[in-house]
Amino acid sequence: MPLYSDKVMDHFRNPRNVGKLDDADGIGEVGNARCGDIMKIYIKVENDIIVDVKFNTFGCGSAIASSSMATEMIKGKPISEALELTNKAVAEALDGLPAHKLHCSVLAEEAIRAAIKNYYDTHGISYDPALFPEPHDEEE
């Protein structure tokens, strides 16, 4: 059985939404010091909808695939739905990740939350701080 699913390999070889939004409304950057993965997510928001999203990821194939899939999952969605995206949903959408690579889907979730929090902060939008727990550096 292959280590990575066909979806992981597809999103690694042909990542969606790669790049930078120069006019981003929110930017989130997270990293995992142990494995060296760094994800940066840019969101463009209009009328509470994420109308565009881009990412830059420095990391392994699972990190790139997780970033790509996560951006696909939130593009065109209301912010409230993007906030509900979980690392488990990202991993499931990729037809699974090896256990030692699940932290990559966690980083994708945290990067999206960080971008939304940055959007709220820079636009003076009030929010419940409980929605944005501090990202953590997993020791996997």
Side-chain angles (χ1 to χ4, degrees):
M1 186 170 119
L3 184 61
Y4 296 107
S5 71
D6 289 342
K7 281 189 183 176
V8 170
M9 294 307 296
D10 180 43
H11 277 268
F12 167 63
R13 290 185 179 127
N14 308 292
R16 285 66 152 177
N17 307 307
V18 175
K20 177 182 178 184
L21 292 174
D22 290 325
D23 61 346
D25 292 310
I27 301 170
E29 184 172 358
V30 297
N32 182 307
R34 186 169 182 271
C35 70
D37 294 330
I38 299 169
M39 291 182 187
K40 196 167 193 176
I41 302 271
Y42 305 84
I43 58 171
K44 184 73 180 160
V45 180
E46 292 177 12
N47 299 318
D48 206 43
I49 304 291
I50 298 173
V51 294
D52 202 4
V53 57
K54 300 284 186 205
F55 78 91
N56 287 312
T57 293
F58 177 83
C60 66
S62 294
I64 292 166
S66 292
S67 300
S68 175
M69 180 58 80
T71 60
E72 285 287 279
M73 294 174 78
I74 67 165
K75 193 173 191 176
K77 301 282 196 258
I79 288 177
S80 60
E81 281 187 39
L83 282 170
E84 293 174 3
L85 183 70
T86 64
N87 67 296
K88 183 178 178 187
V90 172
E92 286 175 358
L94 288 168
D95 292 336
L97 287 169
H100 67 284
K101 293 294 184 178
L102 283 174
H103 68 273
C104 296
S105 62
V106 172
L107 284 176
E109 175 188 343
E110 290 177 347
I112 288 167
R113 285 186 175 276
I116 294 170
K117 182 179 185 303
N118 176 254
Y119 165 69
Y120 284 163
D121 288 342
T122 58
H123 290 81
I125 300 169
S126 62
Y127 57 85
D128 179 357
L131 290 173
F132 303 100
E134 285 296 312
H136 53 285
D137 190 15
E138 292 190 13
E139 293 295 322
E140 291 196 39

**Study point:** Donor-acceptor contact present, side-chain K44 to main-chain D23, <3.5 Å
**Key:** yes
Review point. Where is the tightest heavy-atom contact between Y120 and L83, given as atom of each residue plus distance?
Key: OH-CD1, 4.0 Å
Review point. Quick one: do I125 and I49 end up in the same hydrophobic cluster if we chain Ile, Leu, Val, Met, Phe, Trp and Tyr together by side-chain heavy atoms under 4.5 Å apart?
Key: no
Review point. What distance separates L94 CG from Y4 OH, expressed to the nearest 0.5 Å?
Key: 11.5 Å
Review point. CD1/I64 to CE/M39 distance, rounded to the nearest 0.5 angstrom?
Key: 9.0 Å
Check your understanding: Given the rule in the salt bridge (Lys or Arg N to Asp or Glu O under 4.0 Å) test, do D10 and R16 qualify, once you have shown the distances and angles that lead to the verdict?
Key -> CA-CA 10 Å; D10 180 43; R16 285 66 152 177; 2.6 Å; yes
Exercise for review: Could you state whether L3 and V8 fall into the same hydrophobic cluster, counting links through intermediate Ile, Leu, Val, Met, Phe, Trp or Tyr residues with side-chain heavy atoms under 4.5 angstrom apart?
Suggested key: yes
Exercise for review: List the atom of V53, the atom of N17, and the distance in Å for their closest heavy-atom pair.
Suggested key: O-CB, 3.3 Å
Review point. Does the D95 side chain pair with the main chain of K7, one donor and one acceptor, at a distance under 3.5 Å?
Key: no
Practice item. Determine the minimum heavy-atom distance between D22 and K20, stating which atoms define it. Key: OD1-CE, 3.6 Å
Review point. Out of curiosity, I41 CD1 to T57 OG1, how far, rounded to the nearest 0.5 Å?
Key: 6.0 Å
Practice item. Decide yes or no on side-chain contact (heavy atoms from CB on, under 4.5 Å) for D52 and K75, but give the supporting numbers first. Key: CA-CA 6 Å; D52 202 4; K75 193 173 191 176; 3.6 Å; yes
Practice item. To the nearest 0.5 Å, tell me how far I50 CD1 sits from I43 CD1. Key: 5.0 Å
Check your understanding: Does D6 CG have over 12 foreign heavy atoms under 6.0 Å away?
Key -> no
Review point. What is the ring orientation for Y127 with F132, classed by angle as parallel under 30°, tilted 30 to 60°, or perpendicular over 60°?
Key: perpendicular
Point to revise | Linked, directly or transitively: V45 and L131 (ILVMFWY side chains, under 4.5 Å) | key: yes
Check your understanding: Where the side chain of D128 meets the backbone of A130, is there a donor-acceptor pair that is under 3.5 Å apart?
Key -> yes
**Study point:** Atom pair NZ (K117) and CD1 (I27), whose distance is rounded to the nearest 0.5 Å
**Key:** 14.0 Å
Point to revise | Smallest separation among heavy atoms of A82 and I112, with atom names | key: O-CG2, 4.2 Å
Review point. Looking only at heavy atoms, what is the nearest atom pair of M69 and A93, with distance?
Key: CE-O, 3.3 Å
**Study point:** Closest non-hydrogen atom pair between C60 and C104, with its separation
**Key:** SG-SG, 3.7 Å
Review point. Hey, what do you get for CD (E84) to CD1 (I74), rounding to the nearest 0.5 Å?
Key: 13.0 Å
Review point. Taking side chain as C-beta onward, heavy atoms only, is V90 less than 4.5 Å from M73?
Key: yes
Practice item. Look at the side chain of S66 and the backbone N and O of S62, then say whether any donor-acceptor pair between them is shorter than 3.5 Å. Key: yes
Point to revise | Criterion side-chain contact (heavy atoms from CB on, under 4.5 Å) on F58 and D37, from CA distance to verdict | key: CA-CA 6 Å; F58 177 83; D37 294 330; over 6 Å; no
Check your understanding: Is there a side-chain contact (heavy atoms from CB on, under 4.5 Å) between D25 and T122 once you walk through the steps?
Key -> CA-CA 8 Å; D25 292 310; T122 58; over 6 Å; no
